[in-house]
Amino acid sequence: MRLRHLPKVLRAAFPILKRAVASGQIVRPHCELVPPDPNVLCEYGVPVPISDGVTLTANVFRPRRAAEKGEAVPIVMCAHPYDNRLTGHQGKTPLGGPPQQYRLIPQAGRPRFSTLTSWESPDPNFWVRSGYAVVNVNLPGYGGSGGPPSVFSDHQSRAYYEAIEWAAARPWSTGKVGLNGVSFLAITQYHVAACQHYGGPPPSLRCISPWEGLSDMYRDVLCPGGVAETGFPDFWWYTEVLPALSGGEAEFLESEGAAPIDFLAEHPLFDDFWAEKAAKVEEIELPMLICASFSDHGLHSAGSFRAFTRAKSRHKWVYTHRYGKWDTYYSDEVQALTRDFMDCFLKEGTSNGFLDRPPVRLEVRLSRDVVHDVREVSEWPPADARPHRLFLAPGTSVLETAAAAKTGELAYDGLQGSCVVRYTFPEPVEVIGTMVLVLHVEVRSRPGDDTPDDMALFVVAEKMGRDGQPVRFYGSVGHDNDVLSKGYLRVSRRALDERRSKPGQPELRLDSEQKLSPGEIVPVTIAMDPHATFFASGESLQIEIAGRELVEHPVYRKASEGHPGTHVIHMGGDYASHLEILLTASTEKPRSGPQT
C-alpha cells in the first residue's frame, strides 16, 4: 500500500483500530483456530482457465480418502476478491493467526474454524468431513488471478460461471456444485445465479447459500435513501480490497473508472453503472438458503430480505438472527443446517426432511443478549403480523392510534435540532419487519439565509424500557451497542418506484431529483431496516428525526452537508404523517434465555 493512502486508511480504520488496541483484540483475536483435519487434501494456487484468456487461482480442498479411492464428491464453492492465500495454514496472515479482520472487528463470541479458512469463506475442515470438496476462487484481478479487477460486474459473473463449470468437470467431482459464503461471497452468488449471459445460471450449479449479502450496492450501503455513505467505502477499499489486487490500483481504475470511494462522485444518481451492480434477484430460480440478519443494518439486512422475497425459486429458505455475523455462520447449528441443505440438493438427499422445513426461521429478540422466541413460519413477513399505523399528532410527542382531525406542525433546526415521538405499548407485542415512516415535510428559510431547496431526514428507532432507558442490540461490523433500526432520505430523491414497491416494502427510484420550492409541502416515505423485537407492556418505541446523523457507529459515516433552514413536519387533517409497523400478539415471559 502506498504512503499516499495512509491518511485515508487511518481515517477509515482508526475507530475500529483504537477499540481493538484498547481491548487487546489486536494481539488476542476474537476467534478460535483449529488445525487442518488430516483427511483434507490441500491444493493451492490451482489454475482455472477462463474463455477470455484469463486464468484464475483457486484453492481446492478434497477428502484424501475419497481421492485415494478415486471417488467423486460434490463441491461447495465460493468466489471473492479477498485473496484465498491469506490463511494461517499458508502463513500469510498476521503472526500466522486468523485473517486480519478478527484482530480488528469485534465478534459477539469466538467463532471457531480451521486454519485453512480464508475470510468469510466455508471451512474446509467441516465440509471435507461432510463428504464435500471446497473450491475457493480468487475473482479476476485479485489474489494472483488475472484479468480486470472489478466489483459486482458482469465480467465477474461470467468468470464465476465458467469457474463453476470448470470445477464441476474435474474428474474428482460429481458435477454438482453449491455455493456458500458470507458478505461479498454471498453477493457473488446472487449475481451468478441470476447470470443470463449464457441463457441462465451454470448448468452444474444446483443451489446457493448466500449468508448476509446485499443485493443492491447503491440502495443497500452506498446511498440508502439518497444519503451518501462515506465511512464504510473507505474502510472496505483500503483495508480489504486494495491490498488484494493482483495488478494494483491503476488496473482497477482502468476497469471500473473509479475506486469504490469515488463511485458516488462519478455516479451520484442510480444509473446503468449501478444497475449492473444490483443483482437481478428476480431471475433466480435455484434453491436458496439465505441468511437475512437483523444485526447488519446499513449493509446487508435489507438486500438479503429483498433477495428472499423477490427470487422466483420454488425452494427457498431464510434464516434470521440478531447476533454476531461470523459467530452465527460458523456455529454448529448453522453448519449442520447448511450441510442438510447441500445434502438435499447435491447428494440427492431429498429424503432428509429439508424440503419439509418451513421457509422462515424467525428469531425475535428482547434485547441484545436475550432471545424472546425462535420459531419457524411459512412466510416473510409472518402471516400473523398485522399492519398498525401510529400517527403524529399536533401538540404532543405521543404517537396516536388514530389520525387527528386538526392540522398542526412540528419544527426543528435543520442543522442542530431534532424531534422525538414515542408510542408505549399497552400490551406485549412483537414488532416484526420493515417499519415505514410517512411524513409530510417542508423546509423554510430563516432570516438572512438563502431559501433551501432540499433537506435530509435521518431517522432513528429505539426500544425504550419501562425505566425510560434505551435497550441496545447487536449491530453491523461487530457493533454491540446498536439502536433498534435506522432510515434515511434525501427529500429531493423521494420518488417511489411504483413497480417495485409493495405494501410495507417501499422502494425509491433514486434516479432523479425533485428539488423543493418555497412553501412546498411534500409527502415522503422512509423505510427502516427490518427487525423482529419483543416489547413488553409499558415499553416504548421511540422515533427521532433530524437533519444529521444521530448516532455514531464505526465504521459507518453518512454525508451530512447540513441542509440549513427550519425543517417542518406537517400532521393531522390532510397531512396524515404516520409510522406503519407490523405487530403480532405475544407473551411477557421470554421463552429463551440469554445468548452470549
Give a yes or no answer on whether the side chain of Tyr132 reaches the backbone of Asp343 with a donor-acceptor pair at less than 3.5 Å. yes

Does Lys18 have more than 12 heavy atoms from other residues, nucleotides or ligands lying within 6.0 Å of its NZ? no

Could you tell me if Lys176 sits above the aromatic ring of Phe345, with its cationic atom closer than 6.0 Å to the ring centre and no more than 45 degrees from the axis? no

Under the criterion side chain to side chain contact (heavy atoms under 4.5 Å, CB included), which of Ile105, Val555, Asp529, Asp296 is the partner of Ser476? Asp296

Does this structure show an ion pair linking Glu462 with Arg472, if we count only N-O contacts that are shorter than 4.0 Å? yes

Are any of the side-chain nitrogens in Arg500 or Asp216 under 4.0 Å away from the carboxylate oxygens of its partner? no

Do Ser114 and Thr117 pair up side chain to side chain, a donor and an acceptor below 3.5 Å, judged on atom types alone? yes

Is a side-chain donor-acceptor pair under 3.5 Å present for Ser121 with His80? no

Please check this pair: side chain of Gln100 against backbone of Thr239, looking for a donor-acceptor N/O pair closer than 3.5 Å. yes

So with a 6.0 Å cut-off around CZ of Arg112, is the heavy-atom count from everything else above 12? no

Tell me which one of Trp326, Tyr329, Phe184 satisfies ring pair (Phe, Tyr, Trp, His ring centres under 6.0 Å) with Trp119. Trp326

If you define the side chain from C-beta out and look only at heavy atoms, does anything of Glu256 sit under 4.5 Å from Lys277? yes

When you measure from the side chain of Asp220 to the backbone of Leu214, do you find a donor-acceptor pair of N or O atoms at a distance under 3.5 Å? no

Looking only at atom types and distance, does a side-chain atom of Ser118 sit under 3.5 Å from a main-chain N or O of Thr87, one as donor and one as acceptor? no

How long is the gap from CZ on Arg129 to CZ on Arg339, to the nearest 0.5 Å? 10.0 Å

Side chains of Ser183 and His300 only: does a donor on one sit below 3.5 Å from an acceptor on the other? yes

Tyr238 side chain reached by Ile261 side chain, heavy atoms, under 4.5 Å: yes

Whether Arg361 engages the ring of Tyr319 as a cation-pi pair (distance to the six-membered ring centre under 6.0 angstrom, angle to the ring normal within 45°) should be assessed. yes

Cation over ring, Lys558 on Tyr488, under 6.0 Å and within 45°? yes

Please say which of Asn481, Asp369, Asp480 ends up in a side chain to side chain donor-acceptor pair (under 3.5 Å) with Tyr474. Asp369

Is the charged tip of Lys486 near the ring of Phe458: under 6.0 Å from the six-membered ring centre and within 45° of its axis? no

Taking atom types as modelled and ignoring hydrogens, do the side chains of Glu212 and His321 form a donor-acceptor contact shorter than 3.5 angstrom? yes

Let me confirm one number: the CZ-CD1 distance from Arg206 to Ile75, rounded to the nearest 0.5 Å. 11.5 Å

